[in-house]
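Hydrogens, waters and symmetry mates play no part in the numbers below; they use all other heavy atoms, side chains included. Because the structure is a prediction, the values reported are computed rather than measured. When a ligand or atom number is given, it counts from 1 through the structure's own listing order.
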Amino acid sequence: MNYSPPPGMGPAFGPGHTHGPGEELPPLPPEYLVKRPRRLRSHPQLRRLVRETHLTRDDLLLPLFVVEGTNVRDEVKSMPGVYRESLDKLGETVKKVEQLGIPGVMLFGIPATKDPEGRSAWSPEGIVQRALEQVERSAPSLLRVADLCFCEYTDHGHCGVLTDAGDVDNDATLENLELQALALADAGAQVVAPSGMMDGMIGSIRTALDEAGYFDVSILSYAVKYASGFYGPFRDAADSAPAFGDRSTYQMDPANAIEAMRELELDLEQGADMVMVKPAMPYLDILRAVKDRAKVPVCAYQVSGEYAMIKAAGSKGWIDEQRVMLESLLSIKRAGADFMLTYFAREVAKLVP
Ligand code: PBG
């Protein structure tokens, strides 16, 4: 086809081409500047079209802390905006969470009394059991997820029963985890989330649930959970700091990535329906590796220390808190999380579709 330029204009391309009458075009850029990624950033609507990752309310699960008593709503000092609430206050809170369009809550309980085994964890009157019933009454459409572990319930603060030598007895703890799982399912938990890093815990819990007919109760395994300093503020919130030693004989060494793949594989073999990586932001490489291998949904837990750092720097005016909050969660999602446990869930839900 013959193209003839309008009168007064030179050829459309190449030498002699002009913008308008008489105006010479700048010379063609060198080869390496023909491809310019900035072009796609040049307009806000174009940036919207090419954006790869989006945060939505569908990504969010909110952790909540429940205590005994009535009319209690104490803010956790190291976690501004996070409260320890009694059951009556919890009822009000979850109604608001439901209205915000957040899919569900994960419950942590602080019991009135603790003992070496953590027996209140499997009592029908246990704090989380009653909290599950409260959530069902107050906000029936919310998904009820319960953390499944003993550190909040034992007087020594470790995640199971102890051997004479003071280490956590793996296999004896499994039996108690089964009891706790059944108590949580009896109280209406739809998902249980074992976080104690005991070997074989997923298989034991699955078998116990199935034998009791709870085929539809899902297991969200804290499959890859590191022995992390980032849990500090949570232990204040949940009264769950170990009385002696640390958790390095059961939680993973932060230096290890291959071992994380082994933990993942074992939990999938044992029937985990969903798997979690925890903490989130310091372990984005692990999250990506898990996402690439697991054919089940992957969750990431943006833990208390991650939250506290953003809140603290934000309150000092050192960072733009809202911007960093959204960026941190976006990065976790981009790295492979299908959904996220975050103390920011309510704040985020107000800002995203
Ligand atoms: C209980 C548990 C912990 C967290 C979740 N479940 C604490 C721990 O392992 O010491 C930490 C959550 C957070 O830091 O936000 N095993």
Side-chain angles (χ1 to χ4, degrees), residues 60-66 76-84 105-111 114 118 120-121 126-128 131 145-154 156-161 168 170 173-174 176-177 180-181 184 189 191-199 201-202 205 219-254 263 275-283 299-312 325 328-329 332 337 340-345:
L60 305 170
L61 207 52
L62 174 70
L64 290 173
F65 298 99
V66 203
V76 180
K77 263 205 202 68
S78 49
M79 301 173 75
V82 175
Y83 298 83
R84 294 159 46 130
V105 292
M106 160 97 98
L107 296 173
F108 293 98
I110 298 104
K114 306 190 182 211
S120 80
I127 181 76
V128 170
V145 186
D147 183 77
L148 177 40
C149 188
F150 285 102
C151 60
E152 296 109 274
Y153 301 92
T154 53
H156 44 74
H158 279 285
C159 300
V161 288
V168 173
N170 192 88
T173 299
L174 292 181
N176 292 351
L177 282 170
Q180 191 184 4
L184 293 169
V191 180
V192 293
S195 62
M197 290 299 282
M198 295 300 126
D199 293 337
M201 66 180 182
I202 303 305
I205 292 165
I219 300 179
L220 164 58
S221 174
Y222 289 63
V224 181
K225 177 175 177 179
Y226 288 93
S228 170
F230 286 92
Y231 307 148
F234 174 95
R235 294 179 186 172
D236 291 341
D239 267 338
S240 63
F244 61 89
D246 57 29
R247 305 206 199 291
S248 13
T249 67
Y250 40 107
Q251 298 179 348
M252 281 183 52
D253 184 335
E263 284 284 1
V275 292
M276 190 197 294
V277 174
K278 178 185 171 187
M281 234 172 37
Y283 296 88
C299 171
Y301 198 146
Q302 182 181 49
V303 300
S304 55
E306 299 178 71
Y307 175 83
M309 289 196 304
I310 294 172
K311 280 283 175 193
M325 165 184 84
S328 66
L329 290 163
I332 294 166
M340 295 167 287
L341 269 156
T342 174
Y343 302 99
F344 284 120

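- Relative orientation of the F244 and H158 rings is tilted, given thresholds of 30° and 60° on the angle between their planes.
- Inter-residue side-chain proximity for V168 and M198 is flagged as met; some heavy-atom pair is nearer than 4.5 Å.
- Judged by distance alone, with hydrogens and angles left aside, the side-chain atoms of N170 form a donor-acceptor pair with the main-chain N or O of D199 at under 3.5 Å.
- Ligand 1 is never approached by Y307 to a heavy-atom distance shorter than 4.0 Å.
- Residue contacts with ligand 1, taken as heavy atom pairs separated by less than 4.0 Å, involve C151 solely via side-chain atoms from C-beta onward.
- Here is the list of ligand 1 atoms found below 4.0 Å of a heavy atom in Y343: 12 (C), 13 (C), 15 (O).
- For ligand 1, the atoms lying closer than 4.0 Å to a non-hydrogen atom of D147 are 6 (N).
- Atom 14 (O) of ligand 1 has S304 OG, 2.7 Å as its closest protein atom, hydrogens excluded (heavy atom only).
- In this structure, F108 has a heavy atom closer than 4.0 Å to ligand 1.
- E306 and S328 share no side-chain donor-acceptor pair at under 3.5 Å.
- The shortest separation from a heavy atom of Q302 to ligand 1 is not under 4.0 Å, leaving the residue out of contact.
- In this comparison of F234, Y250, Y226, the heavy atom closest to atom 12 (C) of ligand 1 sits on F234.
- The protein non-hydrogen atom at the shortest distance from atom 16 (N) of ligand 1 is K225 NZ, 3.0 Å.
- When every heavy atom of A146 is checked against every heavy atom of A189, the shortest pair comes out as CB-CB, 4.3 Å.
- Note: S228 OG to D253 CG = 11.5 Å, rounded to the nearest 0.5 Å.
- When the heavy-atom distances from atom 6 (N) of ligand 1 to E152, M197, M79, K278 are ranked, the shortest goes to K278.
- Rounding to the nearest 0.5 angstrom, the gap separating the CD1 atom in I310 from the CE atom in M281 is 5.5 Å.
- Those atoms of ligand 1 with a heavy atom of Y301 less than 4.0 angstrom away are 12 (C), 15 (O).
- Checking side-chain atoms of Y307 against main-chain N and O of P80 turns up a donor-acceptor pair under 3.5 Å.
- For the ligand labelled ligand 1, residue S240 lies outside the 4.0 Å heavy-atom shell.
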